[in-house]
Amino acid sequence: MYDVNAIRADFPILSREVNGKPLTYLDNGASAQKPKVVIDAVTRAYEHEYSNVHRGLHFLSNLATDNYEAVRGKIARFLNVADEDEIVLNSGTTEGINMVAYSWAMPQLQAGDEIVLSVMEHHANIVPWHFLRERQGVVLKWVDVAADGSLDPQAVIDAMSDKTKLVAITQCSNVLGTVVDVKTICHAARERGIATLVDGSQGSVHMPVDVTDMGCDFYAITGHKLYGPSGSGAIYCRKERMAQMRPFLGGGDMIREVHKDSVIYNDPPMKFEAGTPGIVQTIGFGVALDYLMDLGMENVAAHEASLRDYAMTKFAGLNWLQVQGNAPGKAAIFSFTLDGAAHAHDISTILDKRGVAVRAGHHCAGPLMDFLGLTATCRASFGLYNTTDEIDTLVDALELAHELFA
Ligand code: PLP
């Protein structure tokens, strides 16, 4: 049984107060809190098991290397990837997508080639493609969402042409909570020989992920949203695509031999992991994934679906609140504005006084904000430890904000 109170007890920060009120943490879309097992693993790694990895022939270096390398296998299991050598460890989604841009796309794409994107991508899945547009004349093709925030997979398929080399799509919008049928898109792209990159930053947090079934070429995740330390993450790269990639960052670890006139690179995935990595962050990330796999992502998804349904019912009673996006099956992520033109920052400040942490701004989704005709929203994003009582607290705080601005 999913015992949310027992789960909450695993997260020390949830018992603190903010501004004299119990913390109601609804900013999980930006970064999630960490369970004690992760915090303890980080402390243990520094106190008892720390050294650089892959370098030494001494006890601690071998221990740190074993602990660090074990995470690759955990990520592979979490994503249902059979071969852990298809997992590149990194600092998070931003680095993962930039690596694909530099390692795979820049050498593969020519002027006039197209990259298909949805209008609700995060800047991390936009700006690296702008680099190709600016520097190489690559064309960015945008697919709009429908009025309810849903993305029709057929619209993405229709945008693919014989010039399309890559489809880069989020699995779940960080603003609208829209969940995208990425499997249909990836399979259609594969049939046409088009590469696919799925931004799993949000999707991997809210639902079980099966990358093999999805059929994508690249799948990026970020540790700090998955209840692990910041500075950890990974990207799945399908072997056939990895073989087409040139190294991104150069330095230690990614090489086998370096001479004055030549260099021999290490085998993938090490070929794409230069320098001293986020050793302890990655070890903590592995413990966070163990925690999630013990809970079961299908149980997390079911809990969050009940939070979403409860929140939607409550919000429906607030006729001065405009929630952006109500696509069927959306994740428990709600962006909203209030009548009375109160700025999102003012609303979030009032909520903060009630101990309610939400995010306000453009959420790194400029094209979506343009599409919605908004400059900013407040966003309440739920995680595995949130409760219906916290939704009531949010609604009470929103009512107060509404009264102040009415
Ligand atoms: N993609 C999406 C959908 C996100 O929500 C985020 C973070 O908010 C990112 C990418 C970037 O993740 P990171 O900052 O961990 O690299």
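Whatever order the structure lists ligands and atoms in, that order sets their numbers, starting from 1.
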Does K353 have more than 12 heavy atoms from other residues, nucleotides or ligands lying within 6.0 Å of its NZ?
no

Check each atom of ligand 1 against the heavy atoms of T222 and keep those under 4.0 Å away; list them by number with element.
13 (P), 15 (O), 16 (O)

Ligand-side contact atoms (ligand 1) for residue partner H224, heavy atom cut-off under 4.0 Å:
13 (P), 15 (O)

Region of T93 engaging ligand 1 - heavy atom pairs below 4.0 Å
both

Parallel, tilted or perpendicular: which fits the ring planes of Y227 and F11, with parallel below 30° and perpendicular above 60°?
perpendicular

Decide if the gap between the ring center of F78 and the ring center of F285 is smaller than 6.0 angstrom.
no

Which atoms from ligand 1 have a heavy atom of Q202 less than 4.0 Å away?
3 (C), 4 (C), 5 (O)

Is the shortest side-chain N to carboxylate O distance from D217 to R241 below 4.0 Å?
yes

Where is the nearest protein heavy atom to atom 7 (C) of ligand 1: which residue, which atom, and how far?
K225 NZ, 2.6 Å

At what distance, to the nearest 0.5 angstrom, does CG of N67 lie from CZ of R44?
8.0 Å

Tell me the protein heavy atom at minimum distance from atom 4 (C) of ligand 1, and give that distance in Å.
H122 CD2, 3.3 Å

Tell me, please: is D199 in heavy-atom contact with ligand 1, that is, under 4.0 Å?
yes

Decide whether S173 and T178 meet the rule of one side-chain donor and one side-chain acceptor closer than 3.5 Å.
no

Can you tell me if H363 contacts ligand 1 (heavy atom of the residue under 4.0 Å from the ligand)?
no

Could you verify whether a donor N or O on one side chain and an acceptor N or O on the other, from H54 and T65, lie under 3.5 Å apart?
no

State whether the shortest distance between N or O atoms of E95 and N or O atoms of ligand 1 falls below 3.5 angstrom.
no

Taking N or O atoms only and a 3.5 Å limit, does T94 qualify as a polar contact for ligand 1?
yes

Check the side chains of Y68 and N52 for a donor-acceptor pair under 3.5 angstrom, ignoring hydrogens and angles.
no

Separation between CG (L140) and CG (L117), nearest 0.5 Å, reads 5.5 Å

For atom 9 (C) of ligand 1, grab the closest protein heavy atom and report residue, atom and distance to one decimal in Å.
S201 OG, 3.4 Å

Side chain, backbone, both or neither: which part of E121 comes within less than 4.0 Å of ligand 1 when only heavy atoms are counted?
neither

Give the numbers and elements of all ligand 1 atoms closer than 4.0 Å to a heavy atom of N174.
5 (O)

